[in-house]
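Since we're looking at a predicted model, the values are computed, not measured.
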Amino acid sequence: LGDDWNGKGGGDSDLGDPVYAIAHGYVTRAEDEGGGWGKVVRVVHHFPENGSTRTMESLNAHLDTLMVSEGSWLRRGQQLGTIGNAGGRYPAHLHLEIRDSAGMPLGGGYSHDTRGYLRPTEFIKAYRDHADGREALIHARMQTHGDINLTHGHPYDVTPGDALMH
């Protein structure tokens, strides 16, 4: 489930390399999950699809450092952590999952049942060229959602004391 992305040098050659958000989104979890997961960042994203909004979740696992916290808003391309090895359990790599709904259980690892999981590389390629439209859609959705104070007119200009709902 998901993809394991490794550096070209193999082994731990990518240990500490930056990990970036695949799209604008809201961090719902950023902590050490222990076991084979290590440090994990979960981000909820909203994407335009067929005239409506589709909610997805990206899960970035085996991180060495976390550079975001729960409740943070991320912009596409913003660094959220660094590649790790789940506390020495594996050679360094990024485990990336994209789930078609937010809040699915962490799971026990690989499975033949892939319902709810999308192929990260294919998904990123399909949505990569739609960043401007996605940003406009997210901005409009947040303005009408009523749970975020858009004092600066942009969905990521959140100020202390704003109510953040997901």
Under 4.5 Å between any side-chain heavy atoms of Leu63 and Leu80, yes or no?
yes
Where do Arg89 and Gly35 come nearest, in terms of heavy atoms and distance?
NE-O, 3.1 Å
Can you tell me how far CG of Asp17 sits from CG of Leu94, rounded to the nearest 0.5 angstrom?
10.5 Å
Under the side chain to side chain contact (heavy atoms under 4.5 Å, CB included) rule, what do His46 and Tyr26 come out as? Steps first, then yes or no, please.
CA-CA 9 Å; His46 301 287; Tyr26 177 79; over 6 Å; no
Side-chain donor/acceptor of Arg29 to backbone N/O of Leu59, under 3.5 Å
no
Compare every heavy atom of Ala86 with every heavy atom of Gly36, then report the nearest pair and how far apart it is.
O-CB, 3.7 Å
Inter-residue atom distance Leu66.CG - Glu31.CD, 0.5 Å rounding:
9.0 Å
Between Asp100 and Arg54, is a side chain to side chain contact (heavy atoms under 4.5 Å, CB included) present by the stated rule, with each step listed?
CA-CA 8 Å; Asp100 67 5; Arg54 184 174 183 185; 4.0 Å; yes
Identify, with sequence neighbours excluded, every residue that meets ring pair (Phe, Tyr, Trp, His ring centres under 6.0 Å) alongside Tyr20.
none
Can you name the nearest heavy-atom pair linking Asn85 to Pro91, along with the distance?
CB-C, 4.1 Å
ring-ring contact (aromatic ring centres under 6.0 Å, His included) evaluation trace for Trp73 with His24
CA-CA 8 Å; Trp73 285 102; His24 301 327; 9.8 Å; no
Gly16 backbone acceptor or donor facing Asp64 side chain under 3.5 Å
no
Shortest non-hydrogen separation from Ala21 to Leu74 and the atoms involved
CB-CD1, 4.0 Å
Flag, side chain of Gln79 to backbone of Gly81, donor-acceptor distance under 3.5 Å
yes
If you measure from CD1 on Ile22 to CD1 on Ile98, what distance do you get to the nearest 0.5 Å?
3.5 Å
With under 30° as parallel and over 60° as perpendicular, where do the rings of His62 and Tyr90 fit, or are they tilted in between?
tilted
In Å and rounded to the nearest 0.5 Å, what is the CE to CG distance from Met56 to Leu118?
5.0 Å
When every non-hydrogen atom of Ala102 is compared with those of Thr55, the smallest separation belongs to CB-CG2, 4.5 Å
Indicate the atoms forming the closest heavy-atom contact of Glu70 with Ala30, along with that distance.
N-CB, 4.1 Å
Please report the interatomic distance CD1(Ile83) to CG(Asn60), rounded to the nearest 0.5 Å.
10.0 Å
With rounding to the nearest 0.5 angstrom, report the NZ to CZ distance, Lys125 to Arg119.
12.5 Å
Side-chain heavy atoms of Val41 within contact of Met67, under 4.5 Å
no
Do Arg76 and Gln78 have side chains that approach each other closer than 4.5 Å (heavy atoms only, starting at C-beta)?
no
